[in-house]
2 protein chains.
Amino acid sequence: MAKSTESQKTGEKLTRQRDAVLQVIRERADHPTANEIFQAARLRLPTISYATVYNSLRFLKEAGLVHEIKFGDSASRYDRETDRHDHAICTGCGKLVDFDLPQAAELMVVAARKSKFKPESVHLTLRGLCPDCRKTPSSTRV
Amino acid sequence: MAKSTESQKTGEKLTRQRDAVLQVIRERADHPTANEIFQAARLRLPTISYATVYNSLRFLKEAGLVHEIKFGDSASRYDRETDRHDHAICTGCGKLVDFDLPQAAELMVVAARKSKFKPESVHLTLRGLCPDCRKTPSSTRV
DNA sequence: ATGGATGCAAACAGTTTGCAACGAC
DNA sequence: GTCGTTGCAAACTGTTTGCATCCAT
């Protein structure tokens, strides 16, 4: 993620709680929800509140340090990967995986032509079974 | 407006309120939210309740008669188009437009290879400015 | 001393649900 | 009468906000 030379946050303050939230997101390979982030952040900073987690998430989003992923599902998930990328969602276990489609740029052009929109970004979502779930007969499902 | 209750699909009951909800969705070119559907349905059936609209939407979804679109935004939107298709969202005015990307099938394969998922469906979302908004100078926007 | 950040709880929006009354067969 | 549907309100979930307090400058 070479790009962001924005020298960490846009001149704003990365307080202890904001940093805790950021670290939580960065150290996880998955895409935690605000609630999961809250739980994990509390281990680092026992007094941090839910409100502060949300405030911090907003701050970090605006600073471009994290990325929010909203699917229909339920809660937003947060992603340490801030560059453009796509997502695959497992219909078996709900797992969310990042991947990048190199042809995204041309896709955007095609989609723009089709829709007559002036393109800004494209995002592709694949639904299917993750490697684990395609193995497993039925499921360990919710 | 063909009053034809068409093939009631799953053999379930298309009650007066469910039909009203379905008609509302079918007669609109846009993608109304549950609330908008509720407002419109009340014009047809003044006593219909919010709960019934939601119940009906669930029923219609399960019957495959309407399609639910959930973006991060806020409320779900409902779409009379039930075939696979993609969406463009205007970052200016929030307008939601359907379009179809013919190469979706191959995209799915590529995405599946990248993510190692067993593909089931793909959906592409374009963000950008709709024809109206790209015309308008700056904005009438929030 | 000041201004922004925190933490709590209460407010919100969207959606779902428990349950009694209702309607179709 | 039976069984599913309706309608109302209350419950729920995820998120946001008002406000007093706290903290780093």
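No experiment lies behind these values; they were computed from the predicted model shown. Heavy atoms only: backbone and side chains are in, while hydrogens, waters and symmetry mates are out. Numbered from 1 within each chain, the chains take letters A, B, ... in sequence-line order.
Residues near Leu129(B) contribute nothing to a hydrophobic cluster around it, because no ILVMFWY side-chain heavy atom sits closer than 4.5 Å to its side chain. Val109(B) belongs to no hydrophobic cluster with other residues, because no ILVMFWY side-chain heavy atom falls under 4.5 Å from its own, directly or through intermediates.
Partners of Thr15(B) according to the side-chain hydrogen bond (donor to acceptor under 3.5 Å, both in side chains) rule, which considers only residues two or more places apart in sequence or in another chain, do not exist here.
Each of dT15(C), dT6(D), dT17(C) was ranked by its minimum atom distance to the side chain of Ala34(B); first place goes to dT15(C). Of all nucleotides listed (dT6(D), dG7(C), dT17(C)), dG7(C) comes nearest to the side chain of Ala51(A). In this structure, of dG7(C), dG14(C), dG4(D), it is dG14(C) that holds the atom nearest to the side chain of Ser74(B). The side chain of Thr52(A) approaches dT6(C) more closely than any other nucleotide in the set dT6(D), dT6(C), dG14(C).
Spacing between atom CZ of Phe59(A) and atom C1' of dT16(D) amounts to 18 Å, rounded to whole angstrom units. Rounded to an integer number of Å, the gap from Arg58(B) CZ to dG4(D) P is 15 Å. Rounded to a whole Å, the CG atom of Leu14(B) is 15 Å from the C1' atom of dT6(D). Between Lys13(A) atom NZ and dT6(C) atom P the separation is 10 Å, expressed in whole Å. Whole-Å rounding puts the Leu57(B) CG to dG14(C) P distance at 14 Å. Taking atom OH on Tyr54(A) and atom C1' on dC12(C), their separation rounds to 13 Å, with Å as the unit. In this structure, NZ of Lys70(B) is placed 12 Å from P of dG14(D), rounded to the nearest angstrom. Spacing between atom OH of Tyr78(A) and atom P of dG14(D) amounts to 12 Å, rounded to whole angstrom units.
Within a heavy-atom distance below 4.0 Å of DNA chain C, the residues of residues 35-48 of chain A found are Thr47(A), Ile48(A).
Separating the CZ atom in Arg77(A) from the CD1 atom in Ile37(A) is a distance of 10.0 Å, to the nearest 0.5 Å.
Every pair tested for salt bridge (charged side-chain N to carboxylate O under 4.0 Å, His left out) that includes a residue from residues 117-128 of chain A fails, sequence neighbours excluded, so the list is empty. Applying the ring pair (Phe, Tyr, Trp, His ring centres under 6.0 Å) rule to pairs touching residues 94-113 of chain B yields nothing, sequence neighbours excluded. Applying the side chain to side chain donor-acceptor pair (under 3.5 Å) test to residues at least two apart or on different chains, the pairs with a partner in residues 92-112 of chain A are His31(A)-Asp98(A), Arg84(A)-Asp100(A), His85(A)-Asp98(A), His87(A)-Asp98(A), Lys95(A)-Asp132(A). For residues 43-55 of chain A, the set of pairs meeting the side chain to side chain donor-acceptor pair (under 3.5 Å) definition, not counting sequence neighbours, comprises Glu27(A)-Arg44(A), Asn35(A)-Tyr50(A), Ser49(A)-Thr52(A), Asn55(A)-Arg58(A).
Look at Thr15(B) and you won't find any side-chain N or O under 4.0 angstrom from OP1 or OP2 of dA24(C).
Put simply, Val97(B) and Leu126(B) are part of the same group of oily side chains (I, L, V, M, F, W, Y) that touch within less than 4.5 Å, one to the next.
Looking at heavy-atom distances under 4.0 Å, Ser76(B) makes contact with sugar-phosphate atoms alone, never a base. At the heavy-atom level, Ala75(B) lies under 4.0 Å from the strands shown only through sugar-phosphate atoms.
Residue-to-nucleotide proximity on DNA chain C shows that, of Asn55(A) and Arg77(B), the 5′-proximal contact is made by Asn55(A).
Between the side chain of Thr91(A) and the main chain of Gly128(A), a donor-acceptor pair closer than 3.5 Å is present.
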Output one line per pair: protein atom, nucleotide atom from nucleotides 23-25 of chain D, and distance, for all N/O pairs under 3.5 Å.
none

